[in-house]
Visitor: 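Just passing along the structure, written as structure tokens.
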Amino acid sequence: MKCALTFGGVTAGLLASAVVAAPADASDSVPSAVLANTPLAAKQIAAFWYGENKANLIGATLYNVETKVVANHVSTGGPASHSKPGVVPAVGDEKKPAAKSKNVNLPKTTGKVFFIGADHKPHWCSATSVQSRYRNLVATAGHCVYDTESNAATLDKWVFIPGYYQGKTPWGIYVGKQAFTHYDYDVYEDGDRDYAFVTVYDGVLPTSLKADGYSKVFETAQEAKDAAAAIENNKNTAGSKLTISPVLDTEHVKPLGAPESQKTYVTADAFHQLNINKNIFSDGPWKPGTGADDAETTKEAHDSVQKPGSNGLTEDHKTGYWRSEFIPNVGYKYYKRTWWVNYDLDYKLSGKTLSIRLKNAGRLGDNVGGQGLAYNQKVGTPVFLFGYPSGSHPDGDYAYTGKTLKWSYGKTFAVQAPEVKGEELVGVKSSFTGEGSIGSSWLLDYKSGRRLGYLNGVTIGIADTDKNDRIDTSLSPYFDGELYSVYKAAANRWSGKIA
């Protein structure tokens, strides 16, 4: 938790008390993490989501992390602005006058972010495109980008898909390149700073997809690993479910204990082929890399398989029985014998390879626009919420499916939620349910005619504040000058193309 002082009965962070309306570019001090550091890596991520008939996209589930806040842990009190309010105009809205519309047209900027969670399974959150210098920026909740469940810095295979609906990617897939957040969230998971801005590569759309089976045997494990890496690094191929498994090379025998070899029990016939003119019940010597193991047994066990006093094999020829010479005062001893060969090990690389060709779909902001940004705004102003709510109310009612974009409307109010280390949050009355609503955009002064407004919050949690088993409140960090510093660091970063 960050240190805090009280100003007029309202708790505010020390850092927040010192910001100005438009702080200097803090690129060097804002924590960031690379999601896909090369166009090739980004292309493979896009191929992962497009592959197998988009099975990973369609099968992605809600991200059940830090979502429902216990009602007892939500209270009044919260942020207060200590600097002048500021705004960043939306894409295309820099010089246009305000327009009015009676209808609520849904923004094209909103979509879903997909990623692999700490459980190694595909999940999704809500997110939105925002204004930036290179029209390549996405805003969402911090825990929809940064991995708060495991030791990994960020969630894997992160992409943004505006307008996503049941496997459809109307404007393409935008692979995340670099993520930016506040120091307090990066280090302390402070709910007051649970937001992230992500630069994305130009969007891509597939022109062809082809999945082929792959199987090849290599002499060494390293050769198999190198072949797998070559497949993964091929510009037009992304490996899908490739596995390496050892296989016996029965044509080659190695000394016992040799690297990349395996002691394997064989039939008496296979053993004899390697020890021609040898009595397989004798003491050898045997060909290097072959041998026999004996274990004492009983006369009854011996006689149940062989005629009394004889040497012989079980029906499958994998075990032989024999007896020793007569030992005075002891009698006979009985043994069973198994034979082994130390075979060479080869390595089989097998699975599926996905051949994919992608075309450039252009910059995110050029295709769907980008919302403006508002910070240090007065609490109590009305905002629209846009996202993909999903999941049930506490009473079990499923009001939203998460399949389609929904909206909600209300005035913000100050709240605290210590459960998520949130001392300076804002809330709005909303029935948005479930993990799917996390990352939903809060748009101030939204103009339905142009589908643009000013991003002034992102949903990080939901609550049933009146304890009637119905979700009634969404929570967001208060957008202040510190958030603007994070935004500014991200908004000036170029990302580029992957196709």
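FYI, side chains are in, hydrogens and waters are out, and symmetry mates aren't considered; it's all heavy atoms of this structure.
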Visitor: Report the residue from Tyr50, Tyr164, Phe160 that forms a ring-ring contact (aromatic ring centres under 6.0 Å, His included) with Phe114.
Guide: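 Passing option: Tyr164.
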Visitor: For the pair Asp464 (side chain) and Asn468 (backbone), establish whether a donor and an acceptor sit closer than 3.5 Å, ignoring hydrogens and angles.
Guide: yes
Visitor: Rounded to the nearest 0.5 Å, what separation is found between the CG atom of Leu425 and the OG atom of Ser474?
Guide: 12.0 Å
Visitor: With a 4.5 Å cut-off on side-chain heavy atoms, are Lys54 and Thr169 touching?
Guide: yes
Visitor: Given 3.5 Å as the limit, does a donor-acceptor pair link the side chain of Asp192 with the main chain of Glu423, or not?
Guide: yes
Visitor: Are more than 12 heavy atoms, taken from residues, nucleotides or ligands other than Asp283, located less than 6.0 Å from that residue's CG atom?
Guide: no
Visitor: Kindly say whether Gly436 contributes a backbone atom to a donor-acceptor pair with the side chain of Ser126 at under 3.5 angstrom?
Guide: yes
Visitor: Would Tyr487 and Phe197 count as a ring-ring contact (aromatic ring centres under 6.0 Å, His included) here? Give the steps.
Guide: CA-CA 6 Å; Tyr487 162 80; Phe197 294 94; 5.6 Å; yes
Visitor: Go through the steps to decide whether Glu482 and Arg193 satisfy the test salt bridge (Lys or Arg N to Asp or Glu O under 4.0 Å), and finish with yes or no.
Guide: CA-CA 9 Å; Glu482 291 190 55; Arg193 308 298 177 193; 3.0 Å; yes
Visitor: So which atom in Ala490 and which in Thr199 form the shortest heavy-atom distance, rounded to 0.1 Å?
Guide: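 Minimum heavy-atom contact is O-CG2, 3.6 Å.
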Visitor: So, Thr140 side chain and Ser440 main chain: donor-acceptor pair closer than 3.5 Å or not?
Guide: no
Visitor: Is Thr433 reaching over with its side chain to a backbone N or O of Gly391, donor-acceptor style, under 3.5 angstrom?
Guide: yes
Visitor: Can you list the steps and then say if Asp469 with His393 is a side chain to side chain donor-acceptor pair (under 3.5 Å)?
Guide: CA-CA 6 Å; Asp469 287 337; His393 288 281; over 6 Å; no
Visitor: Test the Lys112-Tyr388 pair against the cation-pi criterion, namely NZ or CZ under 6.0 angstrom from the six-membered ring centroid and within 45° of the ring axis.
Guide: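 Yes, cation above the ring, under 6.0 Å and within 45°.
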Visitor: Is the ring centre of Tyr400 less than 6.0 Å from the ring centre of Phe432?
Guide: yes
Visitor: Does the distance from a Lys or Arg side-chain N to an Asp or Glu carboxylate O, for Arg135 and Asp366, drop under 4.0 Å?
Guide: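 Looking at Asp366 together with Arg135, the answer is yes, because their closest N to O distance falls below 4.0 Å.
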Visitor: Do Val113 and Phe115 come close enough that some side-chain heavy atom pair is under 4.5 Å?
Guide: yes
Visitor: Please confirm whether the ring centroid of Phe218 lies under 6.0 Å from the ring centroid of Tyr347.
Guide: no
Visitor: What residues, two or more places apart in sequence or in another chain, satisfy side chain to side chain donor-acceptor pair (under 3.5 Å) together with Asn136?
Guide: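 Result, side chain to side chain donor-acceptor pair (under 3.5 Å) vs Asn136: Ser132, Ser495.
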Visitor: Given salt bridge (Lys or Arg N to Asp or Glu O under 4.0 Å), test Asp395 with Arg470 step by step and report yes or no.
Guide: CA-CA 7 Å; Asp395 64 7; Arg470 304 285 293 182; 3.2 Å; yes
Visitor: Is the backbone N or O of Arg363 less than 3.5 Å from a side-chain atom of Asn367, with the two atoms forming a donor-acceptor pair by type?
Guide: yes
Visitor: Look at the side chain of Trp49 and the backbone N and O of Lys157, then say whether any donor-acceptor pair between them is shorter than 3.5 Å.
Guide: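 The answer is yes, because a donor-acceptor pair under 3.5 Å joins these two groups.
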Visitor: Go through the steps to decide whether Ser408 and Ser430 satisfy the test side chain to side chain donor-acceptor pair (under 3.5 Å), and finish with yes or no.
Guide: CA-CA 6 Å; Ser408 181; Ser430 172; 3.2 Å; yes
Visitor: Over 60° means perpendicular and under 30° means parallel, so tell me whether Tyr63 and His123 are parallel, tilted or perpendicular.
Guide: tilted
Visitor: Run the ring-centre check on Phe386 versus Trp407 and record whether the distance is less than 6.0 Å.
Guide: no
Visitor: Between the main-chain N or O of Ala179 and the side-chain N or O of Tyr146, is there a donor-acceptor pair closer than 3.5 Å?
Guide: yes
Visitor: With a 3.5 Å cut-off and no angle check, do the side chains of Asn342 and Ser261 form a donor-acceptor pair?
Guide: yes
Visitor: For the residue pair Gly172 and Leu205, what are the closest heavy atoms and their distance?
Guide: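 Closest pair (atom of Gly172, atom of Leu205, distance): CA-CD2, 3.5 Å.
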Visitor: Step by step, would you call Asp147 with Thr154 a side chain to side chain donor-acceptor pair (under 3.5 Å)?
Guide: CA-CA 5 Å; Asp147 189 348; Thr154 57; over 6 Å; no
Visitor: Test your reading of the model: is there a side-chain donor-acceptor pair from Thr207 to the backbone of Arg357, 3.5 Å cut-off?
Guide: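 Judged by distance alone, yes, a pair lies under 3.5 Å.
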Visitor: Can the ring centroids of Phe326 and Tyr332 be said to lie less than 6.0 angstrom from one another?
Guide: yes
Visitor: Are side-chain N/O atoms of Asp472 and Thr465 paired as donor and acceptor at under 3.5 Å?
Guide: yes
Visitor: So which atom in Thr109 and which in Val368 form the shortest heavy-atom distance, rounded to 0.1 Å?
Guide: CG2-O, 3.3 Å
Visitor: Quick one, Lys497 with Asp202, criterion salt bridge (Lys or Arg N to Asp or Glu O under 4.0 Å). Give me CA distance, side-chain angles, the key distance, then yes/no.
Guide: CA-CA 5 Å; Lys497 303 177 181 179; Asp202 283 8; 5.2 Å; no
Visitor: Quick one: OG on Ser437 to CD1 on Ile460, what's the gap to the nearest 0.5 Å?
Guide: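 One gets 11.0 Å once the value is rounded to the nearest 0.5 Å.
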Visitor: Evaluate whether atom CG of Asp226 has more than 12 neighbouring non-hydrogen atoms of other residues, nucleotides or ligands under 6.0 angstrom away.
Guide: yes
Visitor: Donor-acceptor pair, distance only, cut-off 3.5 Å: does the side chain of Lys299 make one with the backbone of Tyr334?
Guide: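 Flag not set: sc Lys299 to bb Tyr334 has no pair under 3.5 Å.
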Visitor: Is it the case that Asp194 and His143 place a side-chain donor and acceptor less than 3.5 Å from each other?
Guide: yes
Visitor: Any salt bridge (charged side-chain N to carboxylate O under 4.0 Å, His left out) involving residues 248-268? Give me the pairs, sequence neighbours left out, ordered by first then second residue.
Guide: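 Counting only pairs at least two positions apart or across chains, the salt bridge (charged side-chain N to carboxylate O under 4.0 Å, His left out) contacts touching residues 248-268 are Lys254-Asp344, Lys263-Asp293.
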